[in-house]
Visitor: 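First, the structure itself, so that you have it in front of you.
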Protein chains: 2
Amino acid sequence: MLSNAKGSIPLYMQIKELFVANISDGRWSPGDVIPSEIQLAQDLGVSQGTVRKAITELVENNVLTRRQGRGTFVAFHDSERALFHFFHIVDNKGHKVLPESTTLSCRRKRATRTESSKLGLASGSSVVCIERMRKLDDQPTLLETITLPSEPFGELGNVGACDLPNMLYEMYEQKFGITIHNAEEQLRAVSASEREASLLDLPAGAPLLEIERIARTLDNTPVELRVSRCTTRNHHYRTTIF
Amino acid sequence: MLSNAKGSIPLYMQIKELFVANISDGRWSPGDVIPSEIQLAQDLGVSQGTVRKAITELVENNVLTRRQGRGTFVAFHDSERALFHFFHIVDNKGHKVLPESTTLSCRRKRATRTESSKLGLASGSSVVCIERMRKLDDQPTLLETITLPSEPFGELGNVGACDLPNMLYEMYEQKFGITIHNAEEQLRAVSASEREASLLDLPAGAPLLEIERIARTLDNTPVELRVSRCTTRNHHYRTTIF
DNA sequence: TAGTGGTCTAGACCACGAG
DNA sequence: TCGTGGTCTAGACCACTAA
């Protein structure tokens, strides 16, 4: 229960934790309406303002969404969000571009040491490894290598290579109940290998932007390692610092 | 004055605008304490809660800083913030590294067309152009080309090359009253020119991470264009997506 | 029209920092 | 001890949505 003793954590913080737990445990699912602020206040024995403060902060963290007149919802990956929240490659005019994906391979294997450490797995664990090529504006631009823990993604290892959707995060949510909530990216400049160069239609050794992403759920469990190599001929990676 | 008529903008929004104007116009300067919430509420004829909501949002935008028991302050660039808020290069263990700078040149020139368009200047305007090399962990790692409008930065064109401090944003604030508040960065992979390669102690044609930054003040006026070329031998660019 | 979130108020008490 | 921000309450009214 909530405690409002002297040295204790503020009520609205405790309520945030409670809501996060409700989502992590699946009691509230992406897209669901949660009870109204007044209802929650009564249930929790606090004022509406306190519930409101908790919800406000979760909305700022993209965990919940408010819609006036309708209610408060658990955030989910419409393709809009999946795409433009996590995909930072734009064309040189700064316009967002819809990528088109071709799966090159999709198989199970044992994780390398770095893979298992980045995913927080025991070394040598079984993982699913997906390779795909993505076109932007009809030009081959990105090569992605995606590594997922076999638990719970194992069944993807049996999937035909062409059965994977363009928007993986939407699929993780719908098929596996896993919502990607935050990610950390590391960017480097590298030289294209011969294979990469030929797939991307570039001279061998051409410079590529390497983006290594670790994607995590709401409770910060890493669930996907994604290494993208991207030509920046006609596109670039864009980010904003506030 | 503030208006609370039917279709009008919420009071706390109007108060935010007012506070931002106070800062942009120099009535409140970085590091200053602003009046207390209760005082502001009385002055503005609203409740403390409304002032509080305005301040809360400005704190979230890094415009103000609250310190319990002391007051609310206009945010400023201590070296901590200047460095780690805008500088995203870390070593391969993910540790922040303090860069050490050497100014290679510092002169006035006419802006190219792209420079003037990115800085929102008339084409051919006079600008100050600074080139410097930065070492991380004693290794030459970054080459920066910084372009600033002569208005108000002109006097930097006359400065001896070695008189520039390591932390430029702190200097912009103290010498010119300009606080960098937000920035947009574009990242690309490029090949090192011969000059770049020799300065960074790399083979010619080595891949470099190019970071083009447009830095802006609180009112979104662009004031600095900075193009950095960075070897990612032992370091990388790190960003987090929430 | 009923129910939701959005804004705003007035006032209580706590936690922290400085003198 | 006093003044600051930090938390929490109780209740008013507005704006929007759906039935």
Visitor: Using whole Å, what does the distance between atom P of nucleotide dA15(D) and atom CD1 of Ile9(B) come to?
Guide: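 About 14 Å, once rounded to whole Å.
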Visitor: Identify which nucleotide among dG6(C), dG5(D), dC8(C) has an atom closest to any side-chain atom of Gln68(B), counting heavy atoms from C-beta outward.
Guide: dG5(D)
Visitor: Against the six-membered ring of Phe86(A), is Arg226(A) placed for a cation-pi contact (under 6.0 Å from the centre, within 45° of the normal)?
Guide: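 So Arg226(A) doesn't make the cation-pi contact.
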Visitor: Nearest heavy atom decides the nucleotide; on that basis, is Ser36(A) or Ser47(B) closer to the 5' end of DNA chain C?
Guide: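 Per heavy-atom nearest nucleotide, the more 5' residue is Ser36(A).
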Visitor: Is any side-chain nitrogen or oxygen of Arg70(B) closer than 4.0 Å to OP1 or OP2 of dC16(C)?
Guide: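 No, Arg70(B) has no side-chain N/O under 4.0 Å of OP1/OP2 on dC16(C).
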Visitor: Given Leu148(B), which of Val223(B), Ile130(B), Leu168(B) fulfils the side-chain contact (heavy atoms from CB on, under 4.5 Å) condition?
Guide: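 Testing Leu148(B) for a side-chain contact (heavy atoms from CB on, under 4.5 Å) against Val223(B), Ile130(B), Leu168(B) leaves exactly one candidate, Ile130(B).
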Visitor: Would you say Thr72(A) places a side-chain N or O within less than 4.0 Å of OP1 or OP2 belonging to dG5(C)?
Guide: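 Yes, because at least one side-chain N or O of Thr72(A) sits under 4.0 Å from OP1 or OP2 of dG5(C).
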Visitor: Test Glu144(A) against every option in Ser101(A), Cys230(A), Ser228(A), Pro99(A) by the side-chain contact (heavy atoms from CB on, under 4.5 Å) rule and name the one that passes.
Guide: Ser228(A)
Visitor: Does dG6(C) have OP1 or OP2 sitting under 4.0 Å from an N or O in the side chain of Arg66(A)?
Guide: yes
Visitor: Is there a side-chain contact between Tyr12(A) and the phosphate of dC8(D), meaning an N or O under 4.0 Å from OP1 or OP2?
Guide: no
Visitor: Applying a 4.0 Å non-hydrogen cut-off, can you work out what Leu11(A) is touching in the nucleic acid: base, sugar-phosphate, or nothing?
Guide: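 Since only primed, P, OP1 and OP2 atoms lie under 4.0 Å of Leu11(A), the category is sugar-phosphate.
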Visitor: What is the separation between atom CG on Leu44(A) and atom P on dA10(D), rounded to the nearest whole Å?
Guide: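 Between P of dA10(D) and CG of Leu44(A): 14 Å.
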Visitor: Examine dC16(C): is either OP1 or OP2 under 4.0 Å from a nitrogen or oxygen in the side chain of Arg67(B)? Give yes or no.
Guide: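 For Arg67(B), the contact criterion (side-chain N or O under 4.0 Å from OP1 or OP2 of dC16(C)) is not met.
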Visitor: Salt bridge (charged side-chain N to carboxylate O under 4.0 Å, His left out) for Arg66(A) and Glu37(A)? Distances and angles first, verdict last.
Guide: CA-CA 11 Å; Arg66(A) 284 205 255 237; Glu37(A) 295 177 354; 3.1 Å; yes
Visitor: Rounded to the nearest angstrom, tell me the gap between atom CD1 in Ile38(A) and atom P in dA12(D).
Guide: 12 Å
Visitor: What integer distance in Å separates Gln39(B):CD from dT4(D):C1'?
Guide: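 So the two atoms are 13 Å apart, to the nearest Å.
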Visitor: Expressed in angstrom and rounded to an integer, what is the separation of Glu57(B) atom CD from dG6(C) atom P?
Guide: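 That distance rounds to 12 Å.
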Visitor: Tell me whether the OP1 or OP2 atom of dT7(C) has a side-chain N or O from Lys53(B) closer than 4.0 Å.
Guide: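 The answer is yes; a side-chain N or O of Lys53(B) sits under 4.0 Å from OP1 or OP2.
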Visitor: Output the rounded distance in Å from CG (Leu58(B)) to P (dG5(D)).
Guide: 14 Å
Visitor: Let's see if you can work this out: which of dT9(C), dC8(D), dG6(D) has an atom nearest to the side-chain heavy atoms of Val46(B)?
Guide: dT9(C)
Visitor: Quick check on DNA chain D: between Gly49(A) and Ala5(B), whose nearest nucleotide comes earlier from the 5' end?
Guide: Gly49(A)
Visitor: Between dC16(C) atom C1' and Phe73(B) atom CZ, what is the distance in whole Å?
Guide: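 Taking atom C1' of dC16(C) as the reference, CZ of Phe73(B) is at 13 Å.
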Visitor: Below 4.0 angstrom, N of the basic side chain to O of the carboxylate: do Lys135(A) and Glu100(A) qualify?
Guide: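 Looking at Lys135(A) and Glu100(A), the cut-off is not met.
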Visitor: Under 4.0 Å between a Lys/Arg side-chain N and an Asp/Glu carboxylate O for Arg27(A) and Asp25(A)?
Guide: yes
Visitor: Is Thr50(B) close enough to dT7(C) that one of its side-chain N or O atoms is under 4.0 Å from OP1 or OP2 there?
Guide: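 Indeed not, no polar side-chain atom of Thr50(B) lies that close.
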Visitor: Between dC8(D), dG5(C), dG6(D), which nucleotide has the shortest distance from any of its atoms to the side chain of Asn4(A)?
Guide: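 The listed nucleotide nearest to Asn4(A)'s side chain is dC8(D).
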Visitor: Take atom CG of Asp32(A) and atom P of dT4(C), then tell me their distance rounded to the nearest Å.
Guide: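 Nearest whole value for this atom pair: 16 Å.
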